[in-house]
Student: 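Can you keep this structure in mind? I'll have questions shortly.
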Number of protein chains: 2
Amino acid sequence: MVQSLAQGRSTHSAARAEDRIYDAIRHAVLAQQLPPGSRLPELTLSEIFGVSRSVVRRALVRLAGDHIILMRRNQIAVVARPGPEETAQIFEARRHIESEVIRQVAGHLGETARTEIAGLVDAEHTAHREGAHEDRIHLSLRFHERLADFCPNQVLAGILRELILRTSIAVALYKVPGISACYREGDHRGITDAIFAGDSELAARLAREHLDHLEQRLTLAERDGQVDLASILRR
Amino acid sequence: MVQSLAQGRSTHSAARAEDRIYDAIRHAVLAQQLPPGSRLPELTLSEIFGVSRSVVRRALVRLAGDHIILMRRNQIAVVARPGPEETAQIFEARRHIESEVIRQVAGHLGETARTEIAGLVDAEHTAHREGAHEDRIHLSLRFHERLADFCPNQVLAGILRELILRTSIAVALYKVPGISACYREGDHRGITDAIFAGDSELAARLAREHLDHLEQRLTLAERDGQVDLASILRR
DNA sequence: TAGACATTAATTGTCGACACAACATGAAGG
DNA sequence: CCTTCATGTTGTGTCGACAATTAATGTCTA
């Protein structure tokens with residue numbers, strides 16, 4: 001409930017520098033622009049964002065706490081690379097928590113919320129038909145995150161947000177190169193309909209199956225890539 | 001402060017300094033020695049542990065990520081003080097996750113694990129009968145944490161560990177002053193028996209009721225206390 | 001006495017410097 | 001050709017210093 005990140009206007013905007021770094025990396029990972037294993041040197045980041053390493057470090061420590069990056073002693077931080085077993089556990093945990101979140105959302109949804117969710121689903125569908133792969137992924141993530149926002153239990157919602165991120169990392173790692181293999185047309189629509197109809201059990205079950213399907217579409221082939229940090233994180 | 005002659009500290013012993021601080025505060029919060037609202041000034045901590053503020057800061061950022069402490073801009077970090085609503089959400093989340101963890105544990109428990117768990121339950125029972133309140137709390141927490149350790153899904157277990165901590169903070173805040181009001185004699189034993197018998201559904205249900213009972217024993221009276229950091233954290 | 005206000009102390013925010021460890025490179029030897 | 005070792009480079013670990021901000025203190029007035 002107390003989700004407000006309301007930051008006062010204090011020190012110029014340096015107050016937000018840490019959050020800028022945190023959000024930029026988070027966003028880049030979500031958008032699958034920073035593949036698992038990507039290196040994140042403190043000095044490079046401090047130059048990109050124009051602050052000292054102290055600020056970068058703080059953002060990195062937070063990201064490490066979220067299991068988004070891995071910080072090992074005396075080594076460069078890297079984007080997390082969950083193994084097959086951990087990936088399975090992440091999916092299972094997300095199924096268990098998201099189904100409950102959706103069960104709770106099924107009741108508490110106002111009119112404005114409904115139209116927003118329905119709009120997201122429509123937009124995603126359109127993006128898919130037009131082949132806008134990037135947009136579709138973004139809208140899909142937005143769909144799940146907004147549902148979390150509307151959950152009355154924001155503690156559960158916070159846990160779900162973290163798991164959505166970790167799931168994204170796993171998908172980025174193990175998805176088949178083919179573009180939108182991990183998308184099933186009516187899933188989000190079906191979940192939404194069940195939520196609107198107030199059928200919480202059906203909605204929860206559909207969410208479970210939705211995630212099941214996504215997990216089954218993954219393969220376990222490994223691969224890594226190098227990226228240009230500045231071009232991705234700069235904005 | 002007078003410890004400044006420690007020139008010969010090698011880097012890898014200092015490496016654990018951060019973990020020492022993190023664990024010490026974590027432990028002190030769990031043991032309810034650091035009441036919610038306690039202030040944690042960086043300089044004070046750095047003097048207590050004989051390191052610079054950089055190391056302290058890192059530990060504090062991690063703790064803030066775990067929702068154990070609250071760090072607001074330009075203000076002293078304080079131990080979290082969840083309000084009534086957040087407390088209810090924490091309990092609900094924990095019920096939902098711990099029941100699943102216990103459901104999973106019910107199958108995968110080797111002989112050594114069983115004896116250890118049973119030993120913990122017995123020791124807790126003894127501590128209760130002898131009025132060793134501190135020991136009982138410690139053993140009770142140990143019981144829940146060890147169950148998490150034995151869960152095959154360690155992602156879920158990690159989430160549960162965080163919720164156990166947050167629950168402890170809430171209990172420290174809202175428990176009635178009377179000593180062991182939040183203890184029901186046979187609860188842990190019953191859960192253990194169900195787990196050993198392989199009855200995962202029963203075990204999960206008992207865990208839920210166990211937490212329900214604990215939550216209902218809380219009152220919402222507010223209070224705060226000042227403590228001497230050095231005497232608690234020093235070891 | 002109670003409240004408003006100016007002043008002082010305490011605390012966090014940020015930075016740059018230096019020491020140490022890990023990594024990359026290349027030479028020497030088998 | 002491959003392995004091994006020395007060496008330089010890169011990057012992190014920690015610290016202390018200074019600036020900016022908040023909290024605390026004391027003073028004055030009604």
Side-chain angles (χ1 to χ4, degrees), chain A residues 5-22 25 34 37-65 69-80 224 226-230 233, chain B residues 1-22 25 37-65 69-81 224 226-230 233:
Chain A
L5 295 178
Q7 292 289 356
R9 62 291 160 199
S10 298
T11 322
H12 306 307
S13 75
R16 301 200 177 84
E18 178 194 324
D19 293 328
R20 269 202 352 257
I21 301 173
Y22 178 86
I25 296 178
L34 272 180
S38 302
R39 296 154 66 113
L40 302 168
E42 297 177 4
L43 190 60
T44 306
L45 293 172
S46 69
E47 285 167 355
I48 292 175
F49 290 95
V51 293
S52 93
R53 280 176 49 213
S54 314
V55 184
V56 172
R57 220 162 179 27
R58 225 175 127 146
L60 290 181
V61 170
R62 283 172 57 193
L63 290 164
I69 69 173
L70 181 63
M71 295 180 82
R72 284 189 308 198
R73 180 157 188 77
N74 285 318
Q75 286 183 229
I76 304 178
V78 295
V79 176
D224 53 359
Q226 296 293 15
V227 292
D228 179 35
L229 281 186
L233 298 178
Chain B
M1 178 176 177
V2 197
Q3 199 168 358
S4 55
L5 60 90
Q7 274 287 354
R9 55 171 167 282
S10 59
T11 346
H12 53 279
S13 96
R16 308 221 166 82
E18 178 194 325
D19 293 330
R20 265 196 2 250
I21 301 173
Y22 178 86
I25 296 178
S38 302
R39 296 154 65 117
L40 302 168
E42 297 177 5
L43 189 61
T44 305
L45 293 172
S46 69
E47 285 169 354
I48 291 175
F49 290 95
V51 292
S52 91
R53 280 177 45 211
S54 314
V55 184
V56 172
R57 215 178 229 308
R58 223 174 130 149
L60 290 180
V61 170
R62 284 173 56 193
L63 290 164
I69 68 173
L70 181 63
M71 294 181 82
R72 286 188 310 199
R73 181 157 187 78
N74 285 318
Q75 286 184 232
I76 304 178
V78 295
V79 176
R81 261 170 65 151
D224 52 1
Q226 297 293 14
V227 291
D228 178 37
L229 284 185
L233 298 178

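Small disclaimer: the values here were computed from a predicted structure and weren't measured. Each chain gets a letter, A, B and so on, in the order the sequences are listed, and its residues count up from 1.
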Student: Counting only side-chain N and O atoms of Arg57(B), is one of them less than 4.0 Å from OP1 or OP2 of dG13(C)?
Tutor: yes
Student: Figure out the CD/P separation between Glu47(A) and dG16(C), and round it to whole Å.
Tutor: 11 Å
Student: Between Arg72(B) and Arg72(A), who's closer to the 5' end of DNA chain C by nearest nucleotide?
Tutor: Arg72(B)
Student: Tell me whether the side-chain N/O atoms of Gln75(A) come closer than 4.0 Å to OP1 or OP2 in dC23(C).
Tutor: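 Answer is yes, contact under 4.0 Å.
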Student: Check every atom of dA24(D), dG13(D), dG13(C) against the side chain of Asn74(B) and return the nucleotide holding the closest atom.
Tutor: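 From the listed options, dG13(C) comes nearest.
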Student: Between the base of dG11(D) and the side chain of Arg53(A), is there any donor-acceptor pair under 3.5 Å?
Tutor: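 Under the 3.5 Å cut-off, the side chain and the base do not form any donor-acceptor pair.
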Student: Please confirm whether the shortest side-chain N or O distance from Ser54(B) to OP1 or OP2 of dT14(D) is below 4.0 Å.
Tutor: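 For Ser54(B), the contact criterion (side-chain N or O under 4.0 Å from OP1 or OP2 of dT14(D)) is not met.
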Student: To the nearest angstrom, how far is Leu40(A) atom CG from dT10(D) atom C1'?
Tutor: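 The answer, rounded to whole Å, is 16 Å.
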Student: Taking the minimum atom-to-atom distance to the side chain of Ile76(A), which one of dA24(D), dT22(D), dT12(D) wins?
Tutor: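 Nearest nucleotide to the side chain: dT12(D).
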Student: Leu43(A) CG to dC15(C) P: how many Å, rounded?
Tutor: 13 Å
Student: Find the distance Met71(A):CE to dA22(C):P and express it as a whole number of Å.
Tutor: 15 Å
Student: In whole Å, I'd like the distance from the CZ atom of Arg73(A) to the P atom of dA19(C).
Tutor: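 Computing the Arg73(A):CZ to dA19(C):P distance gives 17 Å.
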Student: Rounding to an integer number of Å, can you tell me how far Ile69(A) CD1 sits from dG11(D) P?
Tutor: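 Roughly 16 Å, once rounded to whole Å.
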Student: Side-chain N or O of Arg58(B) less than 4.0 angstrom from OP1 or OP2 on dT14(D)?
Tutor: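 Answer is no, no contact under 4.0 Å.
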Student: When rounded to the nearest 0.5 angstrom, what is the spacing between CG in Leu60(B) and CD in Glu18(B)?
Tutor: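 It comes to 10.0 Å.
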Student: Using whole Å, report how far CD of Glu42(B) lies from P of dT21(D).
Tutor: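 These atoms are roughly 17 Å apart.
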Student: Quick check for you: to the nearest 0.5 Å, what is the distance between Met71(A) atom CE and Leu40(A) atom CG?
Tutor: 9.5 Å
Student: Could you tell me the separation between the CG atom of Leu43(A) and the CD1 atom of Ile48(A), rounded to the nearest 0.5 Å?
Tutor: 10.0 Å
Student: Nearest 0.5 Å please: distance from the CD1 atom of Ile25(A) over to the CG atom of Leu45(A).
Tutor: 5.0 Å
Student: Please round to the nearest 0.5 Å and tell me the distance separating atom OG of Ser54(B) and atom CD of Glu42(B).
Tutor: 9.0 Å
Student: I need the CD-P distance between Glu18(A) and dC15(C), as an integer number of Å.
Tutor: 12 Å
Student: Nearest to the side chain of Arg39(B), which nucleotide is it out of dT14(C), dG13(D), dA24(D)?
Tutor: dA24(D)
